[in-house]
Each structure stands twice: as C-alpha cells, then as structure tokens.
Asks: 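Structure in structure tokens, see below.
Everything numeric here is computed off the predicted structure, so don't read it as measured data. Just follow the structure's listing: the first ligand is 1, and inside any ligand the first atom is 1.
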Amino acid sequence: MFLKMTEPVYWTDPKKSTFEVTIAGVESVDGRVHIAVLEDVVRPASGGQAGDRGEVSIGSEKFTFSGCVRDRGSLFLVAEKGPSEAGRATLTLDIEWRTAMMRNHTGEHLFAKALTDLLGDVTLGRIWIDGNHGSVEVLSSNVTLDALFNAERTVNEIIARCLPVNSRVVKASEIDKEVRAREGVTSKHDRLRIVEVEGFDKSACSGIHVTNTEEILVFKIIDYGIESDRAHVEFITGSRAVQQLSDIYNEVLRRKTTYPFQVEQIGAVLDKSKEIREGFEAMRDKLLETLTRNPAYDTIGGVRFRAEILPGFDTHLMKRFVKESKMKGPTVLLLFSPGDKCQVMLRTNEMPEEARYYIEDGMRAHGGVGGGRGEVFTCGFTGVEDPQVLFENLKTHIVNKISA
Ligand SMILES: [Zn+2]
C-alpha cells in the first residue's frame with residue numbers, strides 16, 4: 001500500500017470533492033452492489049482507515065455509496081443500488097465524512113508521536129479511523145492514564161501552533177531514523193510516502209491528512225483501557241469534539257446552582273457522591289438484615305401478613321428481602337419503596353389465590369401499572385402525592401382481600 005508510482009488525487013488534493021469518472025460495470029456482492037470506477041479518485045478502506053462515502057450520478061439517476069474498497073486491483077464503490085449501464089458519471093464525495101477522517105487520522109499521527117516522545121519506543125497495534133472517531137492500540141507496558149492525558153495536551157498544543165502538514169514520495173533508502181514507520185515497511189517498498197507535520201513528526205503513511213494541524217480544531221480522548229502490555233484509546237476531533245466538550249461542561253454547569261460546587265472540583269464531587277452511595281448501600285444492607293432477622297407479622301385468620309416501607313429499595317433488593325424472610329406457611333408480604341416513582345412488590349406463600357388476586361384491583365384503583373404470575377406481583381406508581389397514604393390504602397385493600 002505504501003508503494004505508488006502515480007499519486008492518487010487524494011494524496012495531493014484531499015479537499016477536491018467532485019470528479020468526472022467512468023463507471024466500468026456493476027457487480028452484486030452479498031446483497032449489495034459494487035460499482036467499478038476506473039479513476040483513482042476515492043480512497044478505499046485500508047490500513048485501518050474507512051473508505052470514502054458519497055454519491056455518484058449518471059444523468060438524472062443518483063446512487064449513494066457508503067464505502068469504497070479495492071479488490072483485484074480495481075476500485076469499487078459499495079452501494080445499495082447501482083446504474084444499469086456503464087458510462088461517464090459525476091462522483092461527489094461526502095466531504096464532511098472525508099474531512100472528519102482527515103482530522104481523526106492526522107490526530108492519530110500527532111498522538112502516536114506525542115506518546116513516543118513521552119514513553120520512548122512505542123509500537124502501534126490495531127488502528128481504526130473513520131468519520132466518527134478514531135481508536136488506537138498502543139503496545140507498551142508503561143502507559144499510564146497521565147501519559148495519555150499528557151500526550152493529548154501535546155496534540156492540542158501542536159494543533160494550536162497551526163503547523164503545515166506535507167507529504168512527498170521518497171526512495172526507501174532516503175528514509176532516516178526520524179521517520180516513524182511500521183515494522184518492515186522500509187524493506188518491503190522501494191518508494192514510500194512520507195507525511196510530515198513540520199517541525200514535529202514524519203511518518204510513512206498512505207492515508208489522507210489535513211494540510212494544517214489547525215484544521216483538526218481539537219483532539220479529545222473519550223475512552224481508554226489500560227492492560228499490562230497495552231493500552232487502548234478512543235478519541236474524537238473537530239467540531240464533534242468541540243460539541244461534546246461543551247455538552248459535558250454544560251451538564252456540570254447546569255448542576256452548579258442546585259448542588260453548589262466549583263466546576264474544577266467535579267472529581268472531588270464525584271468521589272464524595274460515591275462515598276455517600278457506598279454508605280447508603282451499607283446502611284440498606286444493615287436495614288435488610290435487621291428487618292428480616294426479627295420478622296413482625298400480623299395474623300389475619302390463619303394468614304401471616306407483613307407490610308414494610310423500604311426507602312431506596314429497588315426490585316433487586318426487594319427480592320433479597322423476600323429470600324431472607326424465609327416465608328413459611330400461608331403468608332402475604334407487601335414491600336413498598338416510596339419515591340417519585342413508588343415501587344411495590346407483593347409476595348405470597350401457600351395462599352389459595354395467586355398474588356395478583358390480593359392487589360391488582362387496588363393497584364388499578366390508585367393508578368398503578370404492573371403484573372405478575374403465581375406468587376409474585378410487582379407494580380409501580382408515578383406522580384404519587386403522598387406515598388404514605390398510598391401505602392396505607394394498598395395495605396387495607398390487601399387485608400380486606402385476605403379476610404374475605
Ligand atoms: Zn497517515
């Protein structure tokens with residue numbers, strides 16, 4: 001892929017988006033069509049980079065293509081439908097997709113170089129770049145989250161310095177140590193294309209790039225994973241990154257007045273929140289233990305009945321409550337979790353009727369929604385003004401049903 005005697009137009013003029021082309025034919029492949037194009041004007045998927053997208057029109061007919069592949073030396077546009085005849089056509093690239101790929105891919109060059117400068121020799125594993133995002137795998141045992149963040153900072157500094165990005169084809173023998181190249185590339189090819197970010201990085205690459213780092217706008221890591229011998233990083237660039245950064249910042253700002261805190265302290269706020277949640281969960285466990293250790297049942301004509309309000313309990317915890325209650329003999333258990341949405345579970349044991357018999361009418365009468373079969377019935381109530389009143393009403397309804 002690195003050897004090219006004639007340079008395709010997307011190497012020299014990646015922003016050109018309209019071309020007159022020759023459709024050589026159309027083939028059916030796996031329920032789609034491959035439209036063969038003679039001119040080397042669109043970039044096929046290769047080297048971990050998605051292909052171009054766009055539209056091709058012949059006369060009044062238009063066909064959208066969602067990808068592009070090179071097969072047996074020929075270039076094919078991947079589409080749902082294609083023209084019935086060969087001939088001249090106008091091809092228009094999806095320039096937004098192309099631009100986003102150029103940004104993401106050049107961002108990946110900068111990031112790989114910044115990490116190399118930080119960590120010494122860095123080997124890149126799998127790479128994927130498309131118009132939505134990019135991901136890289138870094139094979140190294142000394143990547144830390146701080147190193148990733150430092151590299152991200154360097155990339156954004158390089159973007160702000162507006163460095164030109166140039167490419168040229170050179171003899172493999174002219175390549176020096178400064179050039180980043182994948183293992184074996186220089187021995188496989190006589191001539192290589194070098195992509196240079198002036199004053200920062202040179203690497204052997206056949207992909208498409210912006211012509212100045214400022215076009216990337218911003219580089220933002222959006223996910224990562226660190227293992228013993230590798231790290232995985234997902235990132236976005238361009239207007240998508242700007243939008244996402246401001247969305248997240250605004251999400252934080254929106255809460256600044258309801259939960260007063262300094263925006264810079266969001267990390268500490270989250271840590272505090274985690275601590276409170278853990279404390280709450282521990283307390284809930286304690287409550288569960290206490291309530292199930294000394295069960296207090298009422299007896300209604302030979303049936304044991306118990307109703308409990310359990311703040312903060314979800315269905316999962318209610319199930320645990322039931323399990324640990326170890327119901328024996330004819331028993332009815334009503335569990336009620338109050339809130340904006342009240343959650344209710346009714347469990348029966350050795351009762352003449354299914355659980356739904358004891359609660360369903362009462363639930364409907366109070367505007368609840370739910371269902372169940374056998375000895376389990378669960379339901380929810382929204383917009384409840386006074387959960388305590390609802391609880392008492394349901395309790396009375398069930399007691400009446402048991403007594404009937
Ligand atoms: Zn490249």
Side-chain angles (χ1 to χ4, degrees), residues 1-4 7-16 40-53 68-70 93 95 97-117 122-139 151-152 154-156 158-159 162-170 172 174-186 188-189 191-217 219 221 233-238 241:
M1 269 320 293
F2 289 91
L3 174 67
K4 280 264 181 199
E7 297 187 41
V9 63
Y10 48 84
W11 277 11
T12 49
D13 190 1
K15 289 169 191 166
K16 184 170 162 57
D40 208 2
V41 296
V42 281
R43 190 180 183 279
S46 78
Q49 202 170 348
D52 275 318
R53 290 179 172 185
C68 178
V69 292
R70 192 182 296 281
L93 281 181
I95 199 67
W97 177 260
R98 158 73 70 91
T99 306
M101 275 207 290
M102 284 156 50
R103 285 170 168 161
N104 287 337
H105 180 59
T106 315
E108 178 255 303
H109 276 239
L110 301 181
F111 185 66
K113 167 65 170 164
L115 260 191
T116 305
D117 288 350
V122 162
T123 308
L124 289 185
R126 269 174 306 164
I127 291 175
W128 177 252
I129 307 284
D130 62 25
N132 297 320
H133 70 143
S135 67
V136 287
E137 193 181 38
V138 183
L139 308 176
E152 175 188 272
T154 305
V155 173
N156 285 314
I158 296 298
I159 290 170
C162 308
L163 302 181
V165 180
N166 306 309
S167 72
R168 62 184 191 283
V169 176
V170 300
E174 289 169 30
I175 300 239
D176 55 34
K177 273 213 141 64
E178 264 182 46
V179 176
R180 291 188 304 112
R182 284 188 172 244
E183 202 80 32
V185 159
T186 46
K188 268 188 218 154
H189 303 290
R191 282 155 60 85
L192 289 166
R193 178 178 183 238
I194 303 301
V195 176
E196 178 175 12
V197 179
E198 275 187 29
F200 183 65
D201 180 45
K202 286 181 198 171
S203 79
C205 183
S206 66
I208 43 173
H209 311 86
V210 296
T211 53
N212 188 295
T213 59
E214 70 179 325
E215 293 165 45
I216 303 169
L217 301 182
F219 176 93
I221 293 172
V233 178
E234 186 186 352
F235 61 88
I236 52 177
T237 64

Asks: Which pair of non-hydrogen atoms, one from I159 and one from L217, has the smallest distance, and what is that distance?
Replies: CG2-O, 3.6 Å

Asks: Using the test side chain to side chain donor-acceptor pair (under 3.5 Å), find all partners of E196 that sit at least two apart in sequence or belong to another chain.
Replies: R168

Asks: Using the ring pair (Phe, Tyr, Trp, His ring centres under 6.0 Å) criterion, which residues pair with F235? Sequence neighbours excluded.
Replies: F219

Asks: Suppose we screen for side chain to side chain donor-acceptor pair (under 3.5 Å). Which residues come up paired with R53, at least two apart in sequence or across chains?
Replies: none

Asks: List the steps, then state whether salt bridge (Lys or Arg N to Asp or Glu O under 4.0 Å) holds for R98 with D52.
Replies: CA-CA 6 Å; R98 158 73 70 91; D52 275 318; 2.6 Å; yes

Asks: List the atom of D117, the atom of F200, and the distance in Å for their closest heavy-atom pair.
Replies: OD2-CE1, 4.2 Å

Asks: What protein N/O/S atoms sit under 2.8 Å from the Zn ion (ligand 1), by chain and number?
Replies: H105 NE2, H109 NE2, C205 SG, H209 NE2

